[in-house]
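In what follows, chains are A, B, ... by sequence order, proteins preceding strands, each numbered from 1.
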Number of protein chains: 2
Amino acid sequence: MTEAEGEIRLGLLDGAVGYLLRRAQLVVFEDFARRFAALDLTPAQFSTLLAIRENPGRRQSDIAAALGVQRPNFVALMDNLERRGLAARVRSGEDRRANALELTKGGAALLDRALAAQGEQEAAIRAAIGETGRRELIATLARLSQLSNQT
Amino acid sequence: MTEAEGEIRLGLLDGAVGYLLRRAQLVVFEDFARRFAALDLTPAQFSTLLAIRENPGRRQSDIAAALGVQRPNFVALMDNLERRGLAARVRSGEDRRANALELTKGGAALLDRALAAQGEQEAAIRAAIGETGRRELIATLARLSQLSNQT
DNA sequence: TATTGTTATACTCTATAACTATA
DNA sequence: TATAGTTATAGAGTATAACAATA
């Protein structure tokens with residue numbers, strides 16, 4: 001070791017919402033990955049299973065759009081869930097171009113375990129920033145997502 | 001158009017900090033990209049220029065680590081800044097393995113313009129969630145980043 | 001003609017192993 | 001031996017164009 005030279009200062013970055021948002025999101029996603037490793041579910045797979053359960057029989061494109069995933073990229077994701085027997089694509093009767101998405105029994109069971117793990121993450125966040133801080137954070141993030149319709 | 005079938009419900013995702021964090025971060029980064037398009041700076045490039053200005057002469061690895069960038073990935077980033085004449089790598093006299101990073105005059109000038117653009121983004125965020133909300137958000141995100149040292 | 005799901009593809013980010021030159 | 005910077009590379013995530021089947 002030659003020298004330590006002291007800490008690196010980040011300047012205005014400490015007060016930049018975009019920078020802090022990125023860093024916090026990385027930390028929370030790493031925590032998610034640890035908790036979901038045993039379930040072998042990524043955030044995208046987890047949110048897909050949940051969206052299917054909340055909207056059974058809806059078309060693949062609608063679910064993808066609601067989650068902010070491009071349709072082409074959603075194909076491999078569904079391939080994976082289907083191969084593992086967690087979700088199923090059923091050819092729609094009304095529109096034979098479309099796939100109606102359903103959860104299998106195994107998918108519903110895994111989702112229950114995933115929701116428990118997610119609840120534990122939320123509890124850890126509550127322990128870190130308090131329940132009031134958590135509720136305010138959720139409300140603020142929801143409002144922030146409407147930034148797109150601005151100057 | 002066959003049918004609309006109504007909105008997709010996201011279920012508990014509306015109250016999941018991780019999910020909202022990801023969506024908000026995407027929105028804020030898209031806004032950033034619009035504001036910084038004329039300057040041709042990515043978030044990583046902007047934060048690098050700022051970190052160099054705040055810590056002139058520090059080694060490349062230290063700056064990369066402080067920004068959470070892997071050393072190998074920082075090489076191409078610096079190549080770009082150097083090629084554009086915004087920053088310079090100076091062989092350190094103390095340790096001839098190391099690069100001391102400096103901002104050029106052009107880099108300092110571009111950074112000034114970038115900081116103005118960043119200030120405008122912060123103002124837009126203030127308009128969306130209020131100054132109180134913004135200060136609370138910054139404090140909460142900073143505390144959230146310490147989630148790693150938990151159960 | 002337009003839309004759904006799909007394939008192919010490309011580009012960015014990120015992560016790891018291994019080299020070189022110095023220490 | 002160990003470290004700083006680098007190269008090569010591989011894996012995710014994300015974006016667009018174009019095709020077949022169906023509307």
Side chain to side chain contact (heavy atoms under 4.5 Å, CB included) between A:F74 and A:I63, intermediate numbers included: CA-CA 9 Å; A:F74 200 68; A:I63 300 287; 3.9 Å; yes

Most 5' of A:V69 and A:R96 on DNA chain D, judged by nearest nucleotide: A:V69

Closest listed nucleotide, where the reference is the side chain of B:R22 and the choices are D:dA23, D:dT14, C:dA23: D:dT14

Shortest side-chain distance from A:Q70, nucleotide among C:dA2, D:dA15, D:dT3: D:dA15

Rounding to a whole Å, what distance do you find between [X]:[atom1] and [N]:[atom2]?
X: A:D95; N: D:dT22; atom1: CG; atom2: P; result: 10 Å
X: B:D62; N: D:dT3; atom1: CG; atom2: C1'; result: 12 Å
X: A:R97; N: C:dT1; atom1: CZ; atom2: C1'; result: 11 Å
X: A:L77; N: C:dT6; atom1: CG; atom2: P; result: 12 Å
X: A:Q25; N: C:dC13; atom1: CD; atom2: P; result: 14 Å

Pairing of A:R89 and A:E102 as salt bridge, 4.0 angstrom limit: no

Ion pair A:R35/A:D31, N-O distance below 4.0 Å: yes

With B:R84 via salt bridge (Lys or Arg N to Asp or Glu O under 4.0 Å) - residues at least two apart: B:D40

Same cluster (ILVMFWY, side-chain, under 4.5 Å), A:L26 and A:L141: no

Set of side-chain contact (heavy atoms from CB on, under 4.5 Å) partners for A:L39, sequence neighbours left out: A:F36, A:L41, A:L110, A:R113, A:A114, A:A117

Nucleotide-resolved protein contact map, nucleotides 6-12 of chain D, B/S/- at heavy-atom distance under 4.0 Å: BBB----

